[in-house]
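Here is the naming used below: chain letters follow the sequence lines, and residue numbers restart at 1 for every chain. Remember, it's a predicted structure, so these values are computed and weren't measured experimentally.
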There are 2 protein chains.
Amino acid sequence: MNGQPETTDEWIYDQVFSAVLEQRLIPGAKLRESELCEVFGVSRTIIRRILLRLSLDKVVELRPNKGAVIATPAAEDVRQIFAARRLLEIGIIDEVCKYCTAANTQSLKDIVARENSAIQTGNRSGAIRLAGEFHVRLAGVARNKPIQELLRQLVAQSSLALALYEAPGHLLCVDDDHIDIVDAVAAGEAAKCRDLMARHLEKAEAEMRLDAPAENNDLKSVFAEVIEARATG
Amino acid sequence: MNGQPETTDEWIYDQVFSAVLEQRLIPGAKLRESELCEVFGVSRTIIRRILLRLSLDKVVELRPNKGAVIATPAAEDVRQIFAARRLLEIGIIDEVCKYCTAANTQSLKDIVARENSAIQTGNRSGAIRLAGEFHVRLAGVARNKPIQELLRQLVAQSSLALALYEAPGHLLCVDDDHIDIVDAVAAGEAAKCRDLMARHLEKAEAEMRLDAPAENNDLKSVFAEVIEARATG
DNA sequence: TAATATAAAATTGGATACAATTTGTTGGAG
DNA sequence: CTCCAACAAATTGTATCCAATTTTATATTA
């Protein structure tokens, strides 16, 4: 899209951010500075700067004196993330419809096509990434940088939420939500589009089990059953 | 409000951020690293980290090899800032009304009282700061961290916008917008509150001259008239 | 005198060195 | 053999050092 040569900083940042979007880095994963230095061939100065940026995106958690880990949003955080997404993504639809060009429509359709192709070939990482890209690019049409930037962060956080709370046995399956949304935008049907987007986001949140606390990191709850069984058995 | 001891980082960050909110630092002001080091008694490592954070808030601009300056949002940026604020601040009003406690109401009224007192004593810095704090605290009632955080940034950027584009001869004068909003919230009148907020934000944006480019930092335009007068005179 | 070239100073960018803290291991007492 | 303490290794936090770039000052020439 943009042929401007990335800076080293930007490149490394994108690599880590993408790994989160594609769930190649999952919540709790430790990010050792020296390892990142080796991987990317830069000094700790650079790596620490990038970790700070990622922590402000709420994608990485910086624990003082204990290093960086991929963030593990709590259930309440996830509710707020999706509440915010509903507010933003529904709220900008008038502008999206207003400013959407034929080129925008085509670009969005391309993303959806690649997304469905990824699903059908079992490419889960690619599918998740493209689903996220769809939402961010759609928001980009609305010409509001602050909102697009926040949505970019929220989409990445949603990826972490999905990794943590997705209901088990939930298989990737093609659905027409995204393509329906593009069609509604292209037709300028803002009201219909808002409705589609609202349902789509509610569906996405409903795929998660936020009621069951399921803090995977809380070892006590993870092993509560076996410990109990052993004590009584 | 919260008695937790701030880290040095947080403290310095808040000092600079506050200076922007109070327009003691105005767009274009140079932030020399060595100066900040002396002022706050820390090494450049710390200062550079804080400047990075402020640049991600779009409050500081980091120009490669040329140092940091307070950001000067363009007219289009300001439109987007206020469009985003309308979306957020109107969009969360249902939640604000839903979750607003008596303590919240009192706290908000206190802020408005202090704001009006600042206006009447001619304390411009304090007034601007408290006006901003009102909006951020009101948003805080809605219990959505991502949205409150974005609004916090947008309020700071609004302060820069005001410094750049405020129509000349615009005096500080007490108006009842804020107190009316609090009353509507306390009464649970969400629809009325949305209307009040919409008008309030439109008024704020209208106080600026975004049509006239007016980049104050462009010396050529600042002195264009006198130069022209001298040339022809 | 005005303009330009050159040199000096100041400032930023990045890597390294050192201090502080945490984590892991070994040895000994009970 | 288990538990605890002391020590060692690894990791993070901060300050400092050096290189690269920009800005300022000086000198030279037309």
Among residues at least two apart in sequence or on other chains, which ones pass side chain to side chain donor-acceptor pair (under 3.5 Å) with B:Thr105?
none

Please enumerate all residues that pass ring-ring contact (aromatic ring centres under 6.0 Å, His included) together with A:Phe40, with sequence neighbours excluded.
A:Trp11

Between the protein and nucleotides 14-16 of chain D, list the N/O to N/O atom pairs that are separated by less than 3.5 angstrom.
unit_1	atom_1	unit_2	atom_2	d
D:dT14	OP2	B:Arg49	NH1	3.2
D:dT14	OP2	B:Arg49	NH2	3.0
D:dA15	OP2	B:Ser43	N	3.4
D:dA15	OP2	B:Ser43	OG	2.5
D:dA15	N7	B:Thr45	OG1	2.6

Once you round it to whole Å, what is the distance between P of D:dT22 and CD of B:Glu33?
15 Å

Which residues in residues 51-62 of chain A have a heavy atom closer than 4.0 Å to any atom of DNA chain D?
none

Calculate the interatomic distance between B:Asn65 atom CG and D:dT22 atom P; express it in whole Å.
5 Å

Sequence neighbours excluded, the answer for side chain to side chain donor-acceptor pair (under 3.5 Å) partners of B:Arg124 is B:Gln23, B:Glu166

Just list the side-chain donor-acceptor pairs under 3.5 Å for residues 78-90 of chain A, sequence neighbours left out, or say none.
unit_1	atom_1	unit_2	atom_2	d
A:Arg79	NH1	A:Glu76	OE1	3.1
A:Gln80	OE1	B:Lys145	N	2.9
A:Gln80	NE2	A:Glu76	OE2	3.0
A:Gln80	NE2	B:Arg143	O	3.2
A:Arg85	NE	A:Glu89	OE2	2.8
A:Arg85	NH1	A:Ser158	OG	3.0
A:Arg85	NH2	A:Glu89	OE2	3.0
A:Arg85	NH2	A:His135	ND1	3.3
A:Arg86	NH1	A:Glu205	OE1	2.8
A:Glu89	OE1	A:His135	ND1	2.6

Checking A:Gln15 now: which residues fulfil side chain to side chain donor-acceptor pair (under 3.5 Å) with it, not counting sequence neighbours?
none

Answer yes when B:Glu133 and B:Arg129 have at least one side-chain N-carboxylate O distance shorter than 4.0 Å, and no when they do not.
yes

Side-chain polar contacts of residues 59-70 of chain B - donor-acceptor pairs under 3.5 angstrom, sequence neighbours left out - could you list them?
unit_1	atom_1	unit_2	atom_2	d
B:Arg63	NE	B:Gly67	O	3.4
B:Arg63	NH2	B:Lys66	O	2.9

Whole-Å distance between D:dG13 C1' and A:Ile47 CD1?
16 Å

Hey, where on DNA chain C does chain B first and last touch, going 5' to 3'? Cut-off is any atom under 4.0 Å from a heavy atom.
C:dT11 to C:dG14

Under the side chain to side chain donor-acceptor pair (under 3.5 Å) rule, collect the residues that match up with A:Glu10, sequence neighbours excluded.
A:Arg53

My understanding is that only residues two or more places apart in sequence, or in another chain, count here; which of them pass salt bridge (Lys or Arg N to Asp or Glu O under 4.0 Å) with B:Asp9?
B:Arg49

Under the salt bridge (charged side-chain N to carboxylate O under 4.0 Å, His left out) rule, what pairs show up with a residue in residues 146-162 of chain A, not counting sequence neighbours?
A:Asp57-A:Arg152, A:Glu149-A:Arg152

